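A short worksheet on the structure shown next.
Each chain gets a letter, A, B and so on, in the order its sequence line appears, and its residues count up from 1. On a predicted model such as this, the values are computed, not experimentally measured, just so you know.
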There are 2 protein chains.
Amino acid sequence: MMLAITFVNRRFFRYYDAARKYLDNPLEWLCNLKVTIEDVAREANVSAMTVSRALRSPEKVSTKTREKIRAVVDRLGYVPDPAASALAAGRTNVIGVIVPSVTNNVFADVMLGIYEQSEGSKWQIQLGNSRYSPLEEERLVRTFLSQKPAGLIITGQDQSKATADMLKSANCRIVQIMECGPDPYDMMIGFSHLDASRAATRHLLKSGYRNPGVLMARLDPRSQRRLEGYKIEAKNAGVYDTRRIVTTARPSSVTLGGELVADLLSKAPDTDAILCNNDDLALGAMFECQRRALAIPDEIGICGFNDLEMMAAANPSITSVRTHRLDMGRASMKILIDALNGKEPVEPVQDLGFEIMARQSTGRKTD
Amino acid sequence: MMLAITFVNRRFFRYYDAARKYLDNPLEWLCNLKVTIEDVAREANVSAMTVSRALRSPEKVSTKTREKIRAVVDRLGYVPDPAASALAAGRTNVIGVIVPSVTNNVFADVMLGIYEQSEGSKWQIQLGNSRYSPLEEERLVRTFLSQKPAGLIITGQDQSKATADMLKSANCRIVQIMECGPDPYDMMIGFSHLDASRAATRHLLKSGYRNPGVLMARLDPRSQRRLEGYKIEAKNAGVYDTRRIVTTARPSSVTLGGELVADLLSKAPDTDAILCNNDDLALGAMFECQRRALAIPDEIGICGFNDLEMMAAANPSITSVRTHRLDMGRASMKILIDALNGKEPVEPVQDLGFEIMARQSTGRKTD
DNA sequence: CCATCAAATGATAGCGCTAACACGATGATG
DNA sequence: CATCATCGTGTTAGCGCTATCATTTGATGG
C-alpha cells in the first residue's frame, strides 16, 4: 500500500510538473508525455527491473513474462532512453570509428564494411572524422571515451602521445585499421603499405620500365610508408633519382594527378613509368598522358593504388594495387564484436595483404 | 556539518564499492577513478551547480570563479559525462545526419560541408546511413529521436508514413537536404532535380543532338525525378523514345556505365547523346564509347550529373550538371544552428540551384 | 547606514535506468 | 522431510548531472 501511494505520488508530481510547462498548450503536453520503463512495468504488472531485463537479457525472464512485456512495449511504443541506460549501466553500446577522411573512397569502403558487419547487432556505430589532423583526432578520442563506448576503431598507428596514452588506458576494446605493425594498443587489422608499394615498384621494373617515377599527394603516414617502399626498390634496382619523386601536401584529386605528371615530366622527361599514391592521381595521370599523346603502356606505364572500381573500367584499364578495404572494415568490426562477446581473438594482429592487379596500363611489350 | 558527513559517506561508499571490484588489481582501480563534477566542485570550493554553470553558460558565473574552476578542470582532467548531462537536462548537443549512402561521392561532399560548418561549435554530428532503405531510415530516425537530439538533418522528402509522423511530432529542429519542395517538416535546403535534368536535356538538344538517351542506375526518388525531367524535355522536343531509356536497380559505378551504354546502343544504335544519372556512369560511358571508337563529341555526346572533380580533368572533359553539394551541407548546418540559437530562418526552404558545366563531351560542331 | 534589487551561488530533487542484492517459489537431493 | 541450489522477480540505491528555486552577496541610491 505504502508502495502504491509512493508510486502514485511520483507519477502525480511528474505529470503535475510537466503540466505546468504546458499550461498554454495542453495538446503539446499530451504529445510529449514520454513513455518510461515504469509505465510499461505498471501496464504489465511487473517491476521496472523485470522490464529492463526482458529487453536487455531476455533469457533471464520467463517466456510468459517476456511476451507480456513485449506486447506492452509495442502497444505503448516504449523506446528506452539511452542516456539513462548509459548513466545507470556505466557503459554504452556505442562503437566509435575514427577515420581521417569521409570524402575519400578508400575510407568510404572501409566504413561500408564496418556498417555491414554491425548490421543486426546491438552495437551502434558512431563516426568521427579527424581530417588528417592529429589534434582533431585527439579531441575525437577524448569525446568518444567520455561516452564510455564499448569499443573504438581507429585508423593507423601514428597517434599523438596524448592520444596514445588515452587509448592505452582506455576502458574499452580498440581496433586499429589500415595498417599492420608491432605494438598494437589492443587489436589490429590491415596490411603493409611498405610491402605493397615495394611490390608495385617491382612490378613496374619487371614489366620493363627503367625509369619509374612516383606521384604522392597528401603525405599522411601511410603515404610516407608507400613512398619509402618505392625508394627501397628503386635503390635496389639502381634507378633511384630524386628528380622522379614528386610530392605535394595538397589532397589528392584527378586534376592534381594531371598537374603532378606535368611537373614530373618537365623535371625528368625520360621517365617511363609512374607509380601513383592512389587511383585518383593515376586516373588524372592517364588523362594528362593521353592529352600529351604519350602512348600508354608503351611509352609510359601507369600504376595506381587501392584498385578502386573505375581502374578496371578505364580505357586503357589501369594497373593498381588492390587493397581489401571492405574486408578490413568487416574484419575489424568482427574481431571487435567477438572480443566484446568474450571471444578473444586468436591473432590480435591480422595482415589482410594486397594484390597487384596488372592491367593494360603497365602491359609494355617486353623487348 | 551534516552535509559534509553525507558527502564523505557518499564518496566513501563510492570508493569502497569501486575498490571491491579491483581487489586483485589496485593499480587499475586508481587509473579508473573517474573525476566527477563534485570532485571539481570540492577542489574549487564551490558547489557542483556552479561548476556546471561555469562550463555550460560561463556568462552566468563571475569571472573570478570561472577561472578558478577552469584551472581545476584542467588540472584534474575533468570531462563531463554526456549521458548524465543528457539525462538531467533532457536534451543533448547531438545533431543527427541521415544520408542514404556514405560510399557515394555526392553525400561525402555534403557531409564534408556539414562537418565543416559544425566545426568549433558545441554541436556533435552523428551520422546515420540508411542505405537507400526506407525501413532502415525509419529505424535510424527512431534511434536518433530516442537520444533527444537538438536537430536532425535528413535526406530528401520521401520518407515512409511512420517516419514522417515521427518527424512531424519530433521535439527537435529538422532540415531536409538534397531536394526542394513544398511542405517541409521544418526547413529544407536543396535544388530541383527535375529542373536540373530538364536543363541538361535541353543542353543536349541545343548542342545539336537529335536522339538523346538516358542511363539511370539505382532509381532512388531523386533519380526518378531526374528521369522525369528528361522525359518531359524529350517529349517537348518530339524525340521521346522508350528504347533510349535504360534503367537498372543496381548501384551506379563506372563499370556499370559501360554496360548500360552497350545496352543502350544495342537497343537504339542511332542514339547520339547520353544523359547519365551521375558522373560515375558518365565516365564509364565515355570509356566504353572510346573502346568502340565512337568519336566524342561528334558522333556521341555525354553528359553527367553532379560535376565531380574528375569530370573537368577527363579527356575529353565531360559536361555535367554542377550541384552545390558542399554548399548544401554548409547551408543546412548553418540554418539548423541558427534556428537552435533562436534565429529563425527568414526563408525555411532554400533552393541552391545548379549549373550546366558545358565541356568538350557535348561540344558537337553545330551544322 | 539601511532598504532595494540584481547578480552570483547553493541546496534540493530528480532525470530514467540498471547493478547488486534480497527474497520467495520450485524442484532436486540425501 | 529437511536442505540446498536454481530460477524468476522485486527492492533499494544510486549513476553524474542540471532545473528550479532559495539564499546570499554586492552594488546602488536615498
When you get a sec, tell me which of D:dG16, C:dG10, C:dC17 is the closest nucleotide to the side chain of B:Leu87?
D:dG16
Check this for me: does any side-chain nitrogen of one of A:Glu119 and B:Arg131 sit under 4.0 Å from a carboxylate oxygen of the other?
yes
Does B:Thr50 make a side-chain N or O approach to OP1 or OP2 of C:dT9 shorter than 4.0 Å?
no
According to side chain to side chain contact (heavy atoms under 4.5 Å, CB included), who are the partners of A:Lys122, at least two apart in sequence or on a separate chain?
A:Asn93
With heavy atoms under 4.0 Å as the rule, sort A:Ser85 into base, sugar-phosphate or nothing.
sugar-phosphate
Select from A:Arg91 and B:Val61 the residue whose nearest nucleotide in DNA chain C is closer to the 5' end of that strand.
B:Val61
Proximity to the side chain of A:Lys34 - top-ranked nucleotide from D:dG16, C:dG16, C:dA19
C:dG16
Check ion pair B:Arg142-B:Glu137 (N to O, under 4.0 angstrom)
no
B:Ala88 side chain: which of C:dT9, D:dC17, C:dT18 is closest?
D:dC17
Close approaches to DNA chain C from residues 62-79 of chain A, in residue order (heavy atom, under 4.0 Å):
A:Tyr78
Quick one: label A:Arg53 by what it contacts on the DNA or RNA (base, sugar-phosphate, nothing), any heavy atom closer than 4.0 Å.
base
Name all pairs fulfilling the side chain to side chain donor-acceptor pair (under 3.5 Å) condition that reach into residues 68-80 of chain A, sequence neighbours left out, sorted by first residue then second.
A:Glu43-A:Arg75
Charged N to carboxylate O under 4.0 angstrom, B:Asp81 versus A:Lys148?
yes
Report the residues that fulfil side chain to side chain contact (heavy atoms under 4.5 Å, CB included) with A:Ala162, sequence neighbours left out, ordered by chain and then residue number.
A:Glu138, A:Ser160
Taking pairs as Watson-Crick (N1-N3 plus N6-O4 or O6-N4) or G-U wobble (N1-O2 and O6-N3), each distance under 3.5 Å, the stems of three or more consecutive pairs with DNA chain C are C:1-30 with D:1-30
For D:dC17, does OP1 or OP2 lie under 4.0 Å from any side-chain N or O of B:Arg56?
no
Does a donor on one side chain and an acceptor on the other come within less than 3.5 Å for A:Gln157 and A:Tyr185?
no
Rounded at 0.5 Å granularity, tell me how far OG1 in B:Thr92 sits from CD in B:Gln147.
7.0 Å
For A:Leu140, side chain to side chain contact (heavy atoms under 4.5 Å, CB included) partners two or more places apart:
A:Ile98, A:Ser130, A:Glu136
